Amino acid sequence: MAKLNFGGVEETVITREEFPLEKALDVLKDETIAVIGYGVQGPGQSLNLRDNGFNVIVGQRAGKTYEKAVADGWVPGETLFSIEEACQKASIIMCLLSDAAVMSVWPSIKQYLTPGKALYFSHGFAITWNDRTGVVPPADVDVIMVAPKGSGTSLRTMFLEGRGLNSSYAIYQDVTGKAMDRTLALGIGIGSGYMFETTFIREATSDLTGERGSLMGAIQGLLLAQYEVLRENGHTPSEAFNETVEELTQSLMPLFAKNGMDWMYANCSTTAQRGALDWMGPFHDAIKPVVQKLYESVKSGNEAQISIDSNSKPDYRVGLEAELKALRESEMWQAGAVVRQLRPENN
């Protein structure tokens, strides 16, 4: 286990050198792994496990995702089963359903959680707020988590490129004494680059905060605000989009992702340096109270309840599609569609 120092705070991380694939295969050599759900995380994790040589099957209900699993090479009756049959066959049940789906399918999963099995998640939501979700595992099974820090698509793409996506891991219940080895072996098996320790509640609260904050919600709000101000002051859609989004994503993000924002500040024009240094404080002071309010809403379970209530509505998909359509057809992202077509790789 490697020790990393983050400005005086020391953390332990697990790398593939310290827990190699060969060890992971040995740890799970007698296990049957069932990936339940073939939506966001299911394909990437199951395909990576299969390619790495683990004994893995998929459990999925009939429908589009079932057909996608067949197209990906999972064979009905051999490696592709109903959710119930896959859970029955497995010694490790990887629950990769959406949070809403977990709640509806939980009774089917729970009946096959016999003593000594392991229940695996890639998100702490269902367990952290189990007073709301009803997902209370039996006391005689291991309950573990590996949470890739990105989409299942990214996990699969990076695996095929020979790279790894960082993941967090957590142990909620260890009744067999094997929970840690099972967790780390699965983390290596799905293609993690390195793993850092967390808890179910920390993962769930940080994940929901991040999605609503800097990863999606806040970034869209910030970009839209700047785009609107530029447009309201006479700038064209092309100019507003380029100055707000295109330069950020195509030029700057790759650089500060590689070298850090401190490097970016040190390697831009003196005019940009002065302005960035002067304005980062006001932006921080304006935004931090919003982030604090968001975090408290997540921590209290309010955001979880909003998600549960919304995703449980029979017309949820209809409303969601309408909201996404409005976002897609907004002037800023319509401008984005045009600008992206002008990129050199598209010509």
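All residue numbers in this chain count up from 1 along the given sequence. Keep in mind it's a predicted model, so treat the numbers as computed, not measured.
Closest heavy-atom contact between Gly164 and Met158: O-CE, 3.3 Å. Of all the heavy atoms in Leu248 and Pro254, the pair that sits closest is O-CD, 4.4 Å. Between Gly44 and Leu155, the shortest heavy-atom distance links the atoms C-CD2, 4.1 Å. Pairing each heavy atom of Arg61 with each of Tyr66, the nearest pair is O-CB, 3.2 Å. For the residue pair Cys87 and Ile109, the shortest heavy atom distance occurs at SG-CG1, 4.1 Å. Closest of all the heavy-atom pairs between Gln226 and Glu243 is NE2-O, 3.5 Å.
In this structure, Trp129 and Phe125 have perpendicular ring planes: the angle between them is above 60°, well past the 30° mark.
Both Met195 and Val27 belong to a common hydrophobic cluster when Ile, Leu, Val, Met, Phe, Trp and Tyr are linked at side-chain heavy-atom distances under 4.5 angstrom. In the hydrophobic cluster analysis, where Ile, Leu, Val, Met, Phe, Trp and Tyr join through side-chain heavy atoms closer than 4.5 angstrom, Leu97 is grouped together with Phe121. Transitive grouping of hydrophobic side chains (ILVMFWY, heavy atoms separated by less than 4.5 Å) brings Leu184 and Ile188 into a common cluster. When hydrophobic clusters are built by joining Ile, Leu, Val, Met, Phe, Trp and Tyr residues whose side-chain heavy atoms come closer than 4.5 Å, directly or via intermediates, Val135 is not grouped with Tyr112. In terms of hydrophobic clustering, with Ile, Leu, Val, Met, Phe, Trp and Tyr side chains grouped at heavy-atom distances under 4.5 Å, Ile92 and Ile190 are assigned to a common cluster.
The number of heavy-atom neighbours closer than 6.0 Å to NZ of Lys149, taken from other residues, nucleotides and ligands shown, is above 12. Shown here is Phe283, whose CZ atom has no more than 12 heavy atoms of other residues, nucleotides or ligands within 6.0 Å. Within 6.0 Å of CD1 on Ile201 lie no more than 12 heavy atoms contributed by other residues, nucleotides or ligands.
At least one donor-acceptor pair closer than 3.5 Å links the side chain of Asn242 to the backbone N or O of Ser238. Side chain of Thr32 to main chain of Ser91: no donor-acceptor pair is present (N/O by atom type, distance under 3.5 Å, no hydrogens or angles). The main-chain N or O of Ser307 is never found under 3.5 Å from a side-chain atom of Ser310 such that the two would form a donor-acceptor pair. No side-chain donor-acceptor contact under 3.5 Å links Asp315 to the backbone of Val318. Judged purely by atom type and a 3.5 angstrom limit, Asn311 has no side-chain atom pairing as donor or acceptor with the backbone of Ala100. For Asn233 (side chain) and Val229 (main-chain N/O), a donor-acceptor pair under 3.5 Å exists by modelled atom type. A distance-only check finds a donor-acceptor pair linking the side chain of Ser192 to the backbone of Gly187 [under 3.5 Å]. In this structure a side-chain-to-backbone donor-acceptor pair under 3.5 Å is missing from Asp207 to Glu203. Proximity of a side-chain donor or acceptor of Ser312 to a complementary backbone N or O of Asp309 within less than 3.5 Å is not detected. Using modelled atom types, no side-chain atom of Gln41 and backbone atom of Ser122 make a donor-acceptor pair closer than 3.5 Å.
With no hydrogens or angles considered, no side-chain donor-acceptor pair links Thr12 and Glu197 at under 3.5 Å. Neither side chain, Tyr194 nor Glu18, offers a donor N or O lying under 3.5 Å from an acceptor on the other. Side-chain N/O atoms of Ser154 and Thr157 include no donor and acceptor closer than 3.5 Å. A donor atom on one side chain and an acceptor atom on the other are not found under 3.5 Å apart for Tyr38 and Gln45. Counting only N and O atoms by type, the side chains of Gln111 and Trp106 include no donor and acceptor under 3.5 Å apart.
Arg156 and Asp51 are joined by a salt bridge, as a carboxylate oxygen and a charged side-chain nitrogen come within less than 4.0 angstrom of each other. The pair Glu321-Arg328 does not meet the salt-bridge criterion, since no charged nitrogen lies less than 4.0 angstrom from a carboxylate oxygen. Look at Asp142 and Lys117 and you find no salt bridge, because none of the NZ, NE, NH1 or NH2 atoms lies under 4.0 Å from a carboxylate O. Ion pairing of Lys23 with Asp26 is absent here, as no side-chain N (NZ or NE/NH1/NH2) approaches a carboxylate O to less than 4.0 Å. By the 4.0 Å N-to-carboxylate-O rule, Asp278 lies close enough to Arg274 to be salt-bridged with it. Ion pair Glu246/Arg343 flagged as a salt bridge, since at least one NZ, NE, NH1 or NH2 atom sits closer than 4.0 Å to an Asp/Glu carboxylate oxygen.
A 4.5 Å side-chain heavy-atom check between Arg231 and His235 finds every atom pair outside the cut-off. Looking only at side-chain heavy atoms (C-beta outward), Val105 and Ile83 come within less than 4.5 Å of each other. Side-chain contact between Thr199 and Tyr172: absent, with no pair of heavy atoms (C-beta onward) separated by less than 4.5 Å. Residues Val290 and Leu294 have side chains not in contact (no heavy-atom distance under 4.5 Å, counting atoms from C-beta outward). Between His123 and Leu208 there is a side-chain heavy-atom pair separated by less than 4.5 Å.
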Exercise. Give the C-alpha distance, both sets of side-chain angles, the deciding distance and a yes or no for side chain to side chain contact (heavy atoms under 4.5 Å, CB included) between Glu84 and Gln88.
Key: CA-CA 6 Å; Glu84 292 79 5; Gln88 185 176 27; over 6 Å; no
Self-check item: Full working for side chain to side chain contact (heavy atoms under 4.5 Å, CB included) between Tyr120 and Cys95
Solution: CA-CA 6 Å; Tyr120 166 109; Cys95 185; over 6 Å; no
Quiz item: Does the side chain to side chain contact (heavy atoms under 4.5 Å, CB included) test come out yes or no for Leu25 and Lys29, once each step is laid out?
Solution: CA-CA 6 Å; Leu25 287 165; Lys29 65 181 184 294; over 6 Å; no
Quiz item: Where do Ile144 and Arg182 land on the side chain to side chain contact (heavy atoms under 4.5 Å, CB included) test, with the steps shown first?
Solution: CA-CA 8 Å; Ile144 60 181; Arg182 278 171 149 176; 4.3 Å; yes
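Atom-to-atom distance recorded for Ile171:CD1 and Thr198:OG1 is 11.5 Å, nearest 0.5 angstrom. Rounded to the nearest 0.5 angstrom, Ile127 CD1 and Thr133 OG1 are separated by 7.0 Å. The distance from the CG atom of Leu255 to the SG atom of Cys268 is 11.0 Å, given to the nearest 0.5 Å. Atoms OG1 and CG, on Thr79 and Asp72 in that order, are 11.0 Å from each other to the nearest 0.5 Å. Taking CZ from Phe241 and CD from Glu331, the interatomic distance works out to 11.5 Å, rounded to the nearest 0.5 Å. The CD1 atom of Ile33 sits 10.0 Å away from atom CD1 of Ile57, with the distance rounded to the nearest 0.5 Å.
Figure legend: Lys89 and Phe81 shown as a cation-pi pair, the cationic atom lying under 6.0 angstrom from the six-membered ring centre and within 45 degrees of its axis.
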